[in-house]
Trainee: 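Input: one structure, supplied below.
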Amino acid sequence: MIELLTPAEMGRADRLTIEAGTAGIVLMEAAGRAVADAVGHRFAVGARVLVLCGPGNNGGDGFVAARILAERGYVVRLALLGERERLAGDARVAAERWRGRVEPATAAGLGPALREARVVIDALYGAGLTRPLDGEARAIVEAVDAARRPVIAVDLPSGIDGATGRVMGAAIRAEISVTFFRMKPGHVLLPGRLHAGKVLVADIGIRPWVLNSIGVKLHRDLPALWETHLRAPGLADHKYSRGHAVVVSGPMSRTGAARLAAEAALRVGAGLVTLASPPDALVVNACHLTAVMLRRMEGAAGLADLLADARLNAVVLGPALGVGEGTAGLVAAALASAAAVVLDADALTTLAVDPAAGFAAIAARGAPVVLTPHEGEFARLFPDLDGRGGGAELPKTERARAAAARSGAVVILKGADTVIAAPDGRAAIADNAPADLATAGSGDVLAGLVGGLLARGLPGFEAACAAVWLHGECGRLAGPGLIAEDLAGRLAPVLADLYEAERRRAWAAADEEAEEEEEELGGTD
């Protein structure tokens, strides 16, 4: 399940399901049962459970969970924020089915219940919160966090914006969040991801066909999003059929970053990789290269001559290039070529001097361009979309989408919750990267991965998404203490697993086709 649904889209999925004949209370019963099951899998029968219910449907889920847990032998206390008489719709029905006592939820009155509870169910607000918590609601959230009891959140911890992951005044930190049908952006965007804990996705009876009606364009960055484009090499393949990537080196004193990118491009499957080196850096680069080839390149004219060969179908430039007219000329030469282009690091800072001209050059070309900014570079390129300034009101996903639409490029907005966005509105959020990737040179490796996948022929968005996911998996395998040089070497087992999964899918499809043929033959006898 790779789709991510905003609260508004989830509400639409609920409505479509109800309109198709499933009663809302049936969905609520299934949601509450999933929450009760999450408690039952982790806490023994007889444990004390405090259920905090809010005034909406999230609270209705809490009433259902409370009833089921009490029936199973748990000691349940239920506290409601608001008046029971004001509950409406399915939440009111769920409350009527609860036969136990309903206590008023106040921060002052919850002290003893929180001290006694083995686990707290947070059914206050969920993903649909639209304004910052204040007053009694905020005080309750702060009291729950201060009590340091395990919390199981219904849908999303109260206080987290389901669309953006932002803390709305204050927010509960849960160990587990039980969400329904699909995850929400707030589960994977920071800081919501830090509050959500482990996320369990429960099937409550919403059928996948509703996704087509909703037109989902936001996904988690998982192999299912791009794996059909990342095919294992075939027996008939050769190095020339697998693409030829070019990585542009910096001057003699700054060559390491480009070599990191070049090795990554080769490891990810480009058939050939050439490091284009200025004359003063040739000897330094030659001393470090083996499988990566080396070519002399003098400035923008030299790069243009190199890329005039159509077999060189992807180029990466930016890592340690320096900022100024020389790099501007290299960027212009790359964008004027027929090759797919990855602009990283210093190339992005140089592009920010006159972004409109750069975006016009991108719009005029046919091959994809991928930009790989961190937040600082993004702010220079798109100052009105800066998450720390004028664009602070926009979620990270929308900032990346707006940047992609404006630039005409695929944008990888890097961070612990990296967002990849395409000009057509598609976007993905990566959540597999460990904190250990925050180290010098890590971004250079990522740029090389993108370049290598573009050389292999992957479309821009899929190449970017695959590269970000592979980068995270390599970081996870390398583990604590990793340095950038460790990353590309971890690609082999990650790719092997992906290719094995591809083979299994092919075998399963062949078996299914054979079974269908047998049925057809049997039907003609």
Side-chain angles (χ1 to χ4, degrees), residues 3-14 31 52-62 81-82 121-142 144-145 151-201 214 216-221 375 385-402 413 415-419 421 425 427-431:
E3 301 90 354
L4 293 170
L5 296 186
T6 65
E9 289 170 335
M10 185 63 198
R12 196 171 166 207
D14 283 336
L52 300 176
C53 293
N57 281 345
N58 199 252
D61 297 339
L81 179 61
I121 294 177
D122 166 25
L124 290 169
Y125 288 105
L129 190 66
T130 58
R131 61 180 179 82
L133 295 179
D134 56 14
E136 194 64 57
R138 177 166 182 161
I140 290 170
V141 165
E142 292 172 343
V144 171
D145 271 354
V151 176
I152 294 180
V154 178
D155 198 16
L156 200 73
S158 294
I160 295 296
D161 185 324
T164 69
R166 292 174 179 155
V167 172
M168 305 287 279
I172 283 175
R173 286 186 178 267
E175 289 193 1
I176 297 168
S177 293
V178 182
T179 196
F180 314 114
F181 184 51
R182 293 296 187 271
M183 291 174 67
K184 315 304 180 292
H187 288 121
V188 289
L189 290 171
L190 293 178
R193 184 166 135 205
L194 300 175
H195 285 257
K198 182 179 180 180
V199 180
L200 306 177
V201 182
I214 294 170
V216 178
K217 284 193 171 184
L218 180 61
H219 298 82
R220 289 180 72 198
D221 183 14
E375 286 286 0
L385 301 175
D386 181 8
R388 302 161 299 181
E393 74 283 357
L394 293 174
K396 188 173 183 178
T397 49
E398 296 312 306
R399 293 193 292 119
R401 278 174 165 152
L413 180 49
D417 52 354
T418 293
V419 174
I429 305 171
D431 60 355

Trainee: How about Arg220 and Asp431: do any of their side-chain heavy atoms sit closer than 4.5 Å?
Mentor: yes

Trainee: Find out whether Phe180 and Asp61 are in side-chain contact, i.e. whether some heavy atom of one side chain is under 4.5 Å from a heavy atom of the other.
Mentor: yes

Trainee: Would you say the side chain of Tyr125 lies within less than 4.5 Å of the side chain of Pro55, judging by non-hydrogen atoms?
Mentor: yes

Trainee: For a quick test of reading the model, state the closest non-hydrogen atom pair linking Pro191 to Gly165 and the distance between them.
Mentor: CD-O, 3.0 Å

Trainee: Can you tell if the side chain of Leu133 reaches within under 4.5 Å of the side chain of Val141, non-hydrogen atoms only?
Mentor: yes

Trainee: With rounding to the nearest 0.5 Å, note down the distance linking CE in Met168 to CG in Asp161.
Mentor: 5.0 Å

Trainee: Taking the side chain as every heavy atom from C-beta outward, state whether Leu218 and Pro185 have any atom pair closer than 4.5 Å.
Mentor: yes

Trainee: Please answer whether the main-chain N or O of Asp417 pairs with a side-chain N or O of Lys396 as donor and acceptor at a distance below 3.5 Å.
Mentor: yes

Trainee: With rounding to the nearest 0.5 angstrom, report the CG to CG distance, Asp386 to Leu394.
Mentor: 11.0 Å

Trainee: How long is the straight-line distance from CD1 of Ile172 back to CD of Glu142, given to the nearest 0.5 Å?
Mentor: 10.5 Å

Trainee: List for me each residue that meets side-chain hydrogen bond (donor to acceptor under 3.5 Å, both in side chains) alongside Asp221, sequence neighbours excluded, and say none if there are none.
Mentor: Trp226

Trainee: Where is the tightest heavy-atom contact between Gly162 and Leu156, given as atom of each residue plus distance?
Mentor: CA-CD2, 3.6 Å

Trainee: With a 4.0 Å cut-off on N to O distance, would you call Arg12 and Glu9 a salt bridge?
Mentor: no

Trainee: Is the shortest side-chain heavy-atom distance between His219 and Leu4 below 4.5 Å?
Mentor: no

Trainee: Write down the atom of Ala427, the atom of Arg401, and the distance for their closest heavy-atom approach.
Mentor: CB-NE, 3.7 Å

Trainee: Quick check: closest heavy atoms across Ala123 and Asn58, and the distance to 0.1 Å?
Mentor: C-OD1, 2.9 Å

Trainee: Considering non-hydrogen atoms only, spot the tightest contact between Ala13 and Ile214 and give its length.
Mentor: CB-CD1, 3.8 Å

Trainee: Drop me the distance from Cys53's SG to Leu124's CG, to the nearest 0.5 angstrom.
Mentor: 8.0 Å

Trainee: Among residues two or more places apart or on two chains, list those pairs meeting salt bridge (Lys or Arg N to Asp or Glu O under 4.0 Å) that have a residue in residues 176-199.
Mentor: Glu3-Arg182, Asp155-Lys184

Trainee: Output all residues satisfying side-chain hydrogen bond (donor to acceptor under 3.5 Å, both in side chains) with Asp14, sequence neighbours left out; order by chain, then residue number.
Mentor: none

Trainee: Do Leu5 and Val216 have side chains that approach each other closer than 4.5 Å (heavy atoms only, starting at C-beta)?
Mentor: yes

Trainee: Partners of Ser177 by side-chain hydrogen bond (donor to acceptor under 3.5 Å, both in side chains), sequence neighbours excluded?
Mentor: none

Trainee: Just to verify, what does Glu136 make a salt bridge (Lys or Arg N to Asp or Glu O under 4.0 Å) with, not counting sequence neighbours?
Mentor: none

Trainee: So, taking the atom named CD1 in Ile176 and the one named CD1 in Ile152, what distance separates them when rounded to the nearest 0.5 Å?
Mentor: 4.5 Å

Trainee: Any chance you could measure Ile160, atom CD1, to Arg173, atom CZ, to the nearest 0.5 Å?
Mentor: 8.0 Å

Trainee: What I'd like to find out is whether the side chain of Leu189 reaches to under 4.5 Å of the side chain of Val419, using heavy atoms alone.
Mentor: yes

Trainee: Looking at Ser158, is its backbone amide N or carbonyl O close enough to the side chain of Asp122 to form a donor-acceptor pair, meaning the two atoms are under 3.5 Å apart?
Mentor: yes

Trainee: Using every non-hydrogen atom in the two residues, find where His187 and Ala196 come nearest and quote the distance to one decimal.
Mentor: CD2-CB, 4.1 Å

Trainee: Restricting to side-chain hydrogen bond (donor to acceptor under 3.5 Å, both in side chains), what partner residues turn up for Asp145, sequence neighbours left out?
Mentor: none

